**Q** 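For reference, the structure I am asking about is given below.
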2 protein chains.
Amino acid sequence: MTVKPKTRGRPKGQGLSKDRILMAATSMLKQEGKVPSIRKLAATLEVDGMAIYHYFDNKAALLEGVTISVMEEIYQPVASENWQEQLLALSHSYLTLLKDYPGLLTTLLTMSDFGPAEVFSERFEQALKPLDLSSQQLEHALSFWVDYLHGFALAQECNQSGLPLDVEMIAPSFNLFTLALGHLVDSD
Amino acid sequence: MTVKPKTRGRPKGQGLSKDRILMAATSMLKQEGKVPSIRKLAATLEVDGMAIYHYFDNKAALLEGVTISVMEEIYQPVASENWQEQLLALSHSYLTLLKDYPGLLTTLLTMSDFGPAEVFSERFEQALKPLDLSSQQLEHALSFWVDYLHGFALAQECNQSGLPLDVEMIAPSFNLFTLALGHLVDSD
DNA sequence: TAAATTTATTCTACAATGTAGAAATTGAGA
DNA sequence: TCTCAATTTCTACATTGTAGAATAAATTTA
């Protein structure tokens with residue numbers, strides 16, 4: 001009994017779907033800690049590599065799909081006077097996500113459609129509402145803090161020096177950042 | 001007259017060298033805006049691809065070599081009471097370097113030997129001398145600021161959205177950062 | 001219902017990449 | 001001179017992204 005030859009052409013019944021591919025890709029990304037090759041992804045789905053290309057133009061498009069779906073997981077700050085707590089929770093959630101799905105950071109930053117990136121910025125603004133900053137100030141604070149988080153996430157991703165590099169390690173930076181924010185508010 | 005067949009074996013006279021390889025790699029990296037393949041690098045040096053491997057164990061080792069040599073270019077802060085000016089100059093210099101040599105950021109962060117990374121931290125500490133921070137505070141300030149710069153550099157590297165993304169754009173973040181530093185000093 | 005077309009899939013193939021291992025040639029020390 | 005080490009080319013392989021043709025089921029049209 002040899003392996004089934006897997007006939008060519010459209011299969012009977014339900015075959016692949018964008019969703020099945022995205023789910024498999026997402027789970028493999030998390031499992032193996034890196035972006036899977038198209039062929040390995042296809043193997044997991046028990047399908048030929050080229051089948052993937054029926055649903056996605058190229059690998060970048062596939063990764064963008066993964067990114068979009070995964071970005072919905074991040075923490076939604078609640079309305080609260082304790083903006084520091086909310087911001088910290090949001091930051092931890094974002095970093096955890098970037099750690100769980102290595103490779104997405106680059107994809108996120110490369111994407112032409114900025115939808116996923118805006119998810120973070122919306123929630124950032126939501127968290128900082130109590131501070132009542134000007135839109136300029138908010139924008140500056142946002143770009144400072146996201147770039148910091150991305151740098152931290154990248155270090156996390158590249159780190160192979162035994163030392164664990166935990167999300168909790170952002171605490172000192174977070175304190176400095178909130179110090180600066182506090183100063184902005186005072187100087188109104 | 002066909003192309004010269006390039007005889008096998010050790011050539012008469014001077015052949016390759018680690019330095020020639022590093023210089024070619026560095027210049028191609030700057031020219032083409034991305035890390036060259038071993039074969040293309042070898043072609044530039046008019047040598048077979050495998051010759052490179054006599055001098056470097058693997059591509060990562062080669063890139064580490066480039067990184068080390070290139071990191072020496074970065075700005076050396078002078079002793080000055082105007083620490084903000086010095087820090088800004090250092091930051092610009094670092095970012096320009098990371099922009100000029102795309103791909104080095106990842107290499108830098110991946111390197112087990114932290115020599116090159118320490119170049120920045122030494123100069124950072126030099127610039128902040130006038131502030132007279134505790135070593136804890138210095139460490140926190142450093143990790144905050146480098147991670148920010150790395151995040152910014154990564155965005156720069158990934159950015160393909162027409163918008164130029166200049167090093168001058170760090171100004172607002174820089175202001176927030178110095179605000180926080182100033183506050184640290186005050187609260188002594 | 002039969003023919004035509006569209007959709008979903010496999011197969012084959014190619015180019016680019018990193019790299020291993022063997023063969024060849026030169027240089028240097030005994 | 002003989003041997004061994006250094007430096008190079010050649011060949012070859014695995015992995016990757018992806019293009020294009022062949023094929024078969026599903027769907028639309030006549």
Side-chain angles (χ1 to χ4, degrees), chain A residues 2-25 28-29 32-67 102-104 106-107 110-111 160, chain B residues 2-25 28-29 32-67 102-104 106-107 110-111 160:
Chain A
T2 59
V3 282
K4 55 178 171 181
K6 198 115 213 243
T7 78
R8 248 182 186 181
R10 183 170 182 166
K12 344 185 181 190
Q14 270 273 72
L16 271 181
S17 75
K18 242 173 164 152
D19 259 9
R20 271 192 64 212
I21 297 175
L22 286 180
M23 288 179 56
M28 289 181 76
L29 179 51
E32 317 189 5
K34 63 179 182 185
V35 173
S37 76
I38 296 283
R39 281 177 171 87
K40 290 198 177 120
L41 170 59
T44 299
L45 289 161
E46 293 178 300
V47 104
D48 183 273
M50 295 306 96
I52 310 290
Y53 285 94
H54 185 68
Y55 297 91
F56 297 94
D57 277 354
N58 47 46
K59 193 167 187 181
L62 168 65
L63 288 179
E64 293 188 6
V66 173
T67 303
L104 291 199
T106 312
T107 303
T110 307
M111 286 174 71
Q160 47 188 30
Chain B
T2 60
V3 283
K4 55 179 171 181
K6 198 116 212 245
T7 78
R8 246 182 188 182
R10 184 171 182 166
K12 342 185 182 187
Q14 270 273 68
L16 272 180
S17 76
K18 240 171 165 151
D19 258 9
R20 271 191 65 213
I21 297 175
L22 285 180
M23 288 179 57
M28 289 181 75
L29 179 51
E32 317 190 5
K34 61 179 182 185
V35 173
S37 76
I38 296 283
R39 282 174 170 90
K40 289 194 178 125
L41 171 59
T44 298
L45 289 161
E46 293 178 299
V47 104
D48 183 274
M50 295 305 96
I52 308 290
Y53 285 93
H54 183 69
Y55 298 91
F56 297 94
D57 278 353
N58 48 44
K59 193 168 187 180
L62 169 65
L63 288 179
E64 292 188 8
V66 173
T67 303
L104 292 199
T106 313
T107 304
T110 309
M111 286 175 70
Q160 47 187 30

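Just so it is clear, the structure is predicted and the values come from calculations on it, not from any experiment. Residue numbers start from 1 in every chain, and the chains themselves are labelled A, B, ... in the order their sequence lines are given, proteins ahead of strands.
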**Q** What's the CD1-C1' distance between A:I38 and D:dA14, to the nearest Å?
**A** 18 Å
**Q** Check the phosphate of D:dT7 against B:H54, side-chain N and O only, distance under 4.0 Å to OP1 or OP2. Yes or no?
**A** yes
**Q** So how far is it from B:I21 CD1 to B:H54 NE2, rounded to the nearest 0.5 Å?
**A** 9.0 Å
**Q** Between D:dT9, D:dA19, C:dA8, which one does the side chain of B:D48 approach most closely?
**A** D:dT9
**Q** Whole angstrom is fine here: how far is it from NZ in B:K6 over to C1' in C:dT26?
**A** 14 Å
**Q** State whether the distance check finds a donor on one side and an acceptor on the other, under 3.5 Å, for side chain A:R39 versus base D:dT18.
**A** yes
**Q** State, yes or no, whether a side-chain contact exists between B:L62 and B:I38 at a heavy-atom distance under 4.5 Å.
**A** yes
**Q** Which pair of heavy atoms, one from A:P102 and one from A:G33, lies closest together, and at what distance?
**A** CG-O, 3.2 Å
**Q** Taking only the side-chain heavy atoms of B:K40 (C-beta and beyond), determine which of C:dT17, D:dA19, D:dA25 contains the nearest atom.
**A** C:dT17
**Q** May I have the distance from A:M50 (atom CE) to D:dT23 (atom C1'), rounded to whole angstrom?
**A** 17 Å
**Q** For the base of D:dT23, is there a side-chain donor-acceptor partner from A:R8 under 3.5 Å away?
**A** no
**Q** Starting from P on C:dC11, measure out to OH on A:Y53 and report it in whole angstrom.
**A** 17 Å
**Q** D:dT9 C1' sits how many Å from B:L45 CG, rounded?
**A** 15 Å
**Q** Base, sugar-phosphate, or nothing for B:G49, non-hydrogen atoms under 4.0 angstrom?
**A** nothing
**Q** On DNA chain C, check which nucleotide each of B:A60 and B:P11 is closest to and give me the residue with the more 5' one.
**A** B:A60
**Q** Which atoms form the tightest heavy-atom contact between A:T110 and B:Q160, and what is the distance?
**A** O-NE2, 3.2 Å
**Q** Output the rounded distance in Å from CZ (A:F56) to C1' (C:dT9).
**A** 16 Å
**Q** Starting at NZ of B:K59 and ending at P of D:dT15, how long is that distance when rounded to a whole Å?
**A** 19 Å
**Q** Nearest whole Å is fine: how far is C:dA16 P from B:E32 CD?
**A** 14 Å
**Q** Does D:dT7 have OP1 or OP2 sitting under 4.0 Å from an N or O in the side chain of B:K12?
**A** no
**Q** Classify the nucleic acid contact of B:Y55 as base, sugar-phosphate or nothing, counting any heavy atom under 4.0 Å across all strands shown.
**A** sugar-phosphate
**Q** Check whether any side-chain nitrogen or oxygen of A:S37 sits under 4.0 Å from OP1 or OP2 of D:dT16, and answer yes or no.
**A** yes
**Q** Picking from D:dT18, C:dG18, D:dT9, which would you name as closest to the side chain of B:V47?
**A** D:dT9
**Q** Distance check, rounded to the nearest 0.5 Å: A:L22 atom CG versus A:L63 atom CG?
**A** 10.0 Å
**Q** Quick check for you: among D:dA26, C:dT19, C:dT10, whose closest atom lies nearest to any side-chain atom of A:R10?
**A** D:dA26
